[in-house]
Amino acid sequence: MPIDATLPYDDENIFAKILRGEIPSTTLYDDEWAYAFPDINPQAKLHVLVIPKGRYVSWDDFSAKASDAEIAGFIRAVGTVARQHNLVEPGYRLLANIGPHGGQEVPHLHVHLFGEEPLGPMIARR
């Protein structure tokens, strides 16, 4: 169910629980700023979620409130995960859903990283 990205951060969201170790996940990347793990319902051959360790509801919340170090650390983590999976040369896609119209379902900023196959059009054609 899409969420309202303007609401306050919910400490009981699934990604907060993953960060606290209350829900198990497979670690693909972990540093001071970000954590990456496979999506439980992959939409491509490779589908990784990269989440910041800070309490940010959406890309908008993150870009408005995160420190320069958090922003740089998170963006570098996304790039590192892509390079670790050898995705740069063949190409890959990043997706961040924000709010109901964007299809955001978890109230914690997350970037979907898709790759290892041709991904087709960016959005569904009308």
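Taking OG of S58 as the start and OH of Y9 as the end, the distance is 12.0 Å to the nearest 0.5 Å. Here the straight-line distance linking atom NE2 of H47 with atom CD of E116 works out to 12.5 Å at 0.5 Å rounding. Rounding to the nearest 0.5 angstrom, the gap separating the CD1 atom in I51 from the CD1 atom in I18 is 6.0 Å. In this structure, L49 CG and I40 CD1 are separated by 10.0 Å, a value rounded to the nearest 0.5 Å. Rounded to the nearest 0.5 angstrom, S25 OG and D39 CG are separated by 11.5 Å.
With respect to D10 and R55, no salt bridge is recorded, no charged nitrogen being found less than 4.0 Å from a carboxylate O.
Shown here are the salt bridge (Lys or Arg N to Asp or Glu O under 4.0 Å) partners of R20, two or more places apart in sequence or in another chain: E12, E22.
Note on L113: it clusters hydrophobically with F62, by side-chain heavy-atom contacts below 4.5 Å among ILVMFWY residues. Tracing side-chain contacts under 4.5 Å through hydrophobic residues (I, L, V, M, F, W, Y), one reaches L94 starting from I71; they form part of the same cluster. Residues L87 and I75 share a single hydrophobic cluster, defined by chaining ILVMFWY side chains whose heavy atoms lie under 4.5 Å apart. In terms of hydrophobic clustering, with Ile, Leu, Val, Met, Phe, Trp and Tyr side chains grouped at heavy-atom distances under 4.5 Å, W59 and L95 are assigned to different clusters. Hydrophobic clustering (ILVMFWY, side-chain heavy atoms < 4.5 Å, transitive): V106 and L109 are in distinct clusters.
Taking every heavy atom of both residues into account, V57 and Q104 meet most closely at O-NE2, 2.7 Å. The heavy-atom pair separating A77 from A34 by the smallest distance is CB-CB, 3.5 Å. Residues L19 and P52 share a closest heavy-atom pair of CD1-O, 3.7 Å. The two residues V48 and A36 make their nearest non-hydrogen contact at CG1-CB, 4.0 Å. Closest approach of Y92 and G115 over heavy atoms only: CB-CA, 4.4 Å. Minimum heavy-atom separation, A96 to V111: CB-CG2, 4.4 Å.
Crowding of R93 atom CZ: a count of heavy atoms from other residues, nucleotides or ligands under 6.0 Å exceeding 12.
Taking the centre of each ring, Y35 and Y29 stay at or above the 6.0 Å mark.
Within the 4.5 Å cutoff, the side chain of V50 has no heavy atoms near those of the F37 side chain. Residues H112 and N97 form a side-chain contact, since some pair of their non-hydrogen atoms from C-beta on lies under 4.5 Å apart. Here the side chains of I3 and P100 are not in contact, with every heavy-atom distance at 4.5 Å or above.
Side-chain contact annotation: D60 with Y56, donor-acceptor N/O pair under 3.5 Å absent.
A distance-only check finds a donor-acceptor pair linking the side chain of K53 to the backbone of D31 [under 3.5 Å].
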(request) Using the ring pair (Phe, Tyr, Trp, His ring centres under 6.0 Å) rule, take H108 and H110 through it: C-alpha gap first, then chi angles, then the decisive distance, then the call. (result) CA-CA 6 Å; H108 185 110; H110 54 289; 7.8 Å; no

